[in-house]
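Have a look at the structure below, then the notes.
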Amino acid sequence: MFAIELNQRQEKILQIVKNNGPITGEKIAERLNLTRATLRPDLAILTMAGYLDARPRVGYFYTGKSSTQLLSASIRKFQVKDFQSIPSVINEDISVYDAICAMFLEDVGTLFVINKNSELVGVCSRKDLLRASMGGQDIHSVPVHIIMSRMPNISVVTPDDLLIYAANLLIEKQIDSLPVVRKKGSSYEVTGRITKTTITRAFVALIEDE
């Protein structure tokens with residue numbers, strides 16, 4: 001269900017259905033002095049976009065939803081699994097220096113930290129690494145688990161969560177990235193990531209799919 005820019009004839013169809021619905025396609029065609037076949041593509045677009053609904057032997061009726069409401073309904077259907085990207089993962093025993101190198105080489109703002117069993121144990125952000133670098137510590141010898149944010153104080157999402165939920169978490173926690181996880185006993189396995197860029201990409205995809 002997508003919000004679209006309507007042409008003049010589609011606007012006229014909407015107005016006719018608003019004022020006279022439920023109304024059949026034949027009656028709409030008569031009011032516009034057109035054939036039913038000519039109107040069929042317009043009616044299909046308006047129905048698929050959610051402006052109109054249709055019932056057999058009854059006709060078309062206006063849903064009462066604005067473009068903004070239709071756009072909102074589309075966004076609320078997006079799931080994390082449809083937009084998640086590949087996570088950047090490091091081992092908890094590597095040095096802060098190596099973590100900085102990994103962040104630079106992978107061009108990411110957040111690294112997800114795992115233990116030897118591939119379980120999520122922490123998150124390392126740009127701020128964490130910058131703080132460690134400026135703190136006078138030997139970043140070549142200090143392991144990343146010393147300076148990372150630890151479980152369970154980490155927000156996570158699952159592939160089946162709604163993307164709007166992930167977006168709200170990013171805003172609420174004031175963070176740049178969320179790990180997408182799968183339950184692994186009492187812990188989590190990292191399967192993806194959702195970032196602020198992901199949310200932007202979702203909006204772009206929505207507009208391009210009009």
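L130 is not connected to I139 by any chain of hydrophobic side-chain contacts under 4.5 Å among Ile, Leu, Val, Met, Phe, Trp and Tyr, and they are in different clusters. In the hydrophobic clustering of this structure, Y97 groups with L111; members are Ile, Leu, Val, Met, Phe, Trp, Tyr whose side-chain heavy atoms approach within less than 4.5 Å, directly or through other members.
Checked by atom type and distance alone, the side chain of Q174 never pairs as donor or acceptor with a backbone atom of I171 at under 3.5 Å. With D82 contributing its side chain and F78 its backbone, the two residues share no donor-acceptor pair below 3.5 Å. Side-chain N or O atoms of D128 include one that pairs as donor or acceptor with a backbone N or O of S125 at under 3.5 Å. The backbone N or O of K196 lies less than 3.5 Å from a partner atom in the side chain of T200, making a donor-acceptor pair. Of the possible donor and acceptor atoms, none in the side chain of D98 sits under 3.5 Å from a partner among the backbone N and O of I94. The closest donor-acceptor contact from the side chain of Q79 to the backbone of L162 lies at 3.5 Å or more, if one exists at all. The closest donor-acceptor contact from the side chain of R36 to the backbone of E30 lies at 3.5 Å or more, if one exists at all. Remark: the backbone N or O of L129 is paired with a side-chain donor or acceptor of S133 at under 3.5 angstrom.
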side-chain hydrogen bond (donor to acceptor under 3.5 Å, both in side chains), that's the test. Do N168 and E172 meet it? Break it down for me.
CA-CA 6 Å; N168 282 328; E172 178 188 341; over 6 Å; no

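Applying the side-chain contact (heavy atoms from CB on, under 4.5 Å) test to T195 and every residue at least two apart in sequence or in another chain returns S177, R193, T197, T198.
Counting all heavy atoms, side chain and backbone alike, V96 lies closest to I147 at CG2-CG1, 3.9 Å. Across D176 and T110, no two heavy atoms sit closer than the pair CB-OG1, 4.5 Å. The minimum heavy-atom distance linking S95 with H140 is given by the pair CB-O, 3.4 Å. Minimum interatomic distance between R31 and I23 (heavy atoms only, all atoms of both residues): NE-CD1, 3.8 Å. Closest of all the heavy-atom pairs between R150 and H145 is NH2-O, 3.0 Å. In terms of heavy-atom proximity, P179 sits nearest to L120 at CG-CD2, 4.1 Å.
Each of V80, L169, V156 was evaluated against I194; a single residue qualifies, V80, per the side-chain contact (heavy atoms from CB on, under 4.5 Å) test. Tested against L52 for a side-chain contact (heavy atoms from CB on, under 4.5 Å), the candidates L43, T63, I45 yield a single pass: L43. Exactly one residue among D161, L163, T191 makes a side-chain contact (heavy atoms from CB on, under 4.5 Å) with Q84. That residue is T191.
Here Y51 and Y62 keep their ring centres 6.0 angstrom or further from each other.
Remark: the D42 side chain and the Q10 side chain contain an N/O donor-acceptor pair separated by less than 3.5 Å.
Rounded to the nearest 0.5 angstrom, L170 CG and L178 CG are separated by 4.5 Å.
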